[in-house]
Amino acid sequence: QVQLVESGGGSVQAGGSLRLSCTASGITFSSYTLGWFRQAPGKVREFVASISWGSGTTYYSASVKDRFAISRDNAKNTVYLQMNSLKPEDTAVYYCAATQYVTTLENRYKYWGQGTQVTVSS
């Protein structure tokens, strides 16, 4: 059974930082691209960042580039999202997801976590 479990969400003031973690089980972690997506209230879920299997190539949405950093530790089956200079518009439920493709497309991700809430106050 595949499980992705996020942690590290919480409340922070604008300008602050948080680090999200997502630990996977039931998959060959090193063979999967891992992505982070988010969904704000009343909005559709959107891509945030991804890191590919193999080369570890990273992709970011324009809204988080230069503020967020995605990384992975294959030995720990864990992907991280370091979020700096947080803004109120970053408030959302953050989801990690896994795919065997190298893609930023949500519908290509097969496995999803339950999500973790991030709230940024002004």
Side-chain angles (χ1 to χ4, degrees):
Q1 181 182 358
V2 177
Q3 281 194 309
L4 300 177
V5 180
E6 303 99 336
S7 61
S11 297
V12 65
Q13 289 194 323
S17 298
L18 283 174
R19 187 174 84 153
L20 305 183
S21 300
C22 172
T23 299
S25 59
I27 59 172
T28 305
F29 186 82
S30 59
S31 298
Y32 279 76
T33 292
L34 282 300
W36 287 96
F37 294 78
R38 68 185 182 185
Q39 188 168 21
K43 295 189 175 181
V44 298
R45 190 158 55 187
E46 64 175 358
F47 169 78
V48 175
S50 66
I51 184 165
S52 71
W53 56 270
S55 64
T57 301
T58 57
Y59 298 91
Y60 296 93
S61 69
S63 61
V64 307
K65 190 174 174 58
D66 298 327
R67 299 188 298 122
F68 290 10
I70 188 170
S71 61
R72 65 190 295 162
D73 184 339
N74 289 339
K76 295 183 178 180
N77 284 7
T78 299
V79 60
Y80 304 97
L81 185 68
Q82 178 67 44
M83 306 186 294
N84 300 325
S85 303
L86 282 161
K87 305 175 181 180
E89 51 263 43
D90 294 318
T91 295
V93 177
Y94 284 72
Y95 299 88
C96 72
T99 178
Q100 290 187 292
Y101 299 96
V102 178
T103 183
T104 63
L105 298 177
E106 180 179 343
N107 61 7
R108 291 287 188 149
Y109 283 77
K110 183 174 184 180
Y111 301 114
W112 291 82
Q114 299 274 49
T116 186
Q117 176 70 47
V118 171
T119 303
V120 185
S121 58
S122 57

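Side chains included, hydrogens not; waters and symmetry mates left out as well; all remaining heavy atoms used.
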Which distance, rounded to the nearest 0.5 Å, do you find between the OG1 of T116 and the CG of L18? 9.0 Å
Do you know the tightest heavy-atom contact between A98 and L34? CB-CD1, 3.8 Å
Rounded to the nearest 0.5 Å, the OG1 atom of T58 sits from the CZ atom of F68 at a distance of 14.0 Å
I70 and Y60: CA distance, side-chain angles, deciding distance, side chain to side chain contact (heavy atoms under 4.5 Å, CB included) verdict: CA-CA 9 Å; I70 188 170; Y60 296 93; 3.4 Å; yes
Does any non-hydrogen side-chain atom of Y32 lie less than 4.5 Å from one of N74? no
Do F29 and R72 have side-chain heavy atoms sitting under 4.5 Å apart? yes
Sub-4.5 Å side-chain heavy-atom contact between T33 and Y109: yes
T91 (side chain) donor-acceptor with V120 (main chain) under 3.5 angstrom: yes
Identify all side-chain donor-acceptor contacts of residues 2-17 below 3.5 Å with residues at least two apart in sequence or on another chain.
| residue | atom | partner | partner atom | Å |
| --- | --- | --- | --- | --- |
| E6 | OE1 | Q114 | N | 3.1 |
| E6 | OE1 | G115 | N | 2.9 |
| E6 | OE2 | C96 | N | 2.9 |
| E6 | OE2 | G115 | N | 3.1 |
| S17 | OG | N84 | OD1 | 3.0 |

What's the separation between atom OG in S30 and atom CG in D73, rounded to the nearest 0.5 Å? 11.5 Å
How are the rings of W112 and Y95 set relative to one another: parallel (under 30°), tilted (30 to 60°) or perpendicular (over 60°)? perpendicular
Between T78 and K76, is there a donor-acceptor pair closer than 3.5 Å when you use the side chain of the first and the backbone of the second? yes
Which side-chain N or O atoms in residues 36-54 pair as donor and acceptor under 3.5 Å with protein atoms at least two apart or in another chain?
| residue | atom | partner | partner atom | Å |
| --- | --- | --- | --- | --- |
| R38 | NE | E46 | OE2 | 2.6 |
| R38 | NH1 | D90 | OD1 | 2.9 |
| R38 | NH1 | Y94 | OH | 2.9 |
| R38 | NH2 | E46 | OE2 | 3.2 |
| R38 | NH2 | S63 | OG | 3.4 |
| Q39 | NE2 | K43 | O | 3.0 |
| R45 | NE | E106 | OE2 | 2.9 |
| R45 | NH2 | E106 | OE2 | 3.0 |
| S52 | OG | S55 | OG | 3.4 |
| S52 | OG | G56 | N | 3.3 |
| S52 | OG | T57 | N | 2.9 |
| W53 | NE1 | Q100 | O | 3.4 |

Would you find a donor on one side and an acceptor on the other, under 3.5 Å apart, between the side chain of Y80 and the backbone of A69? no
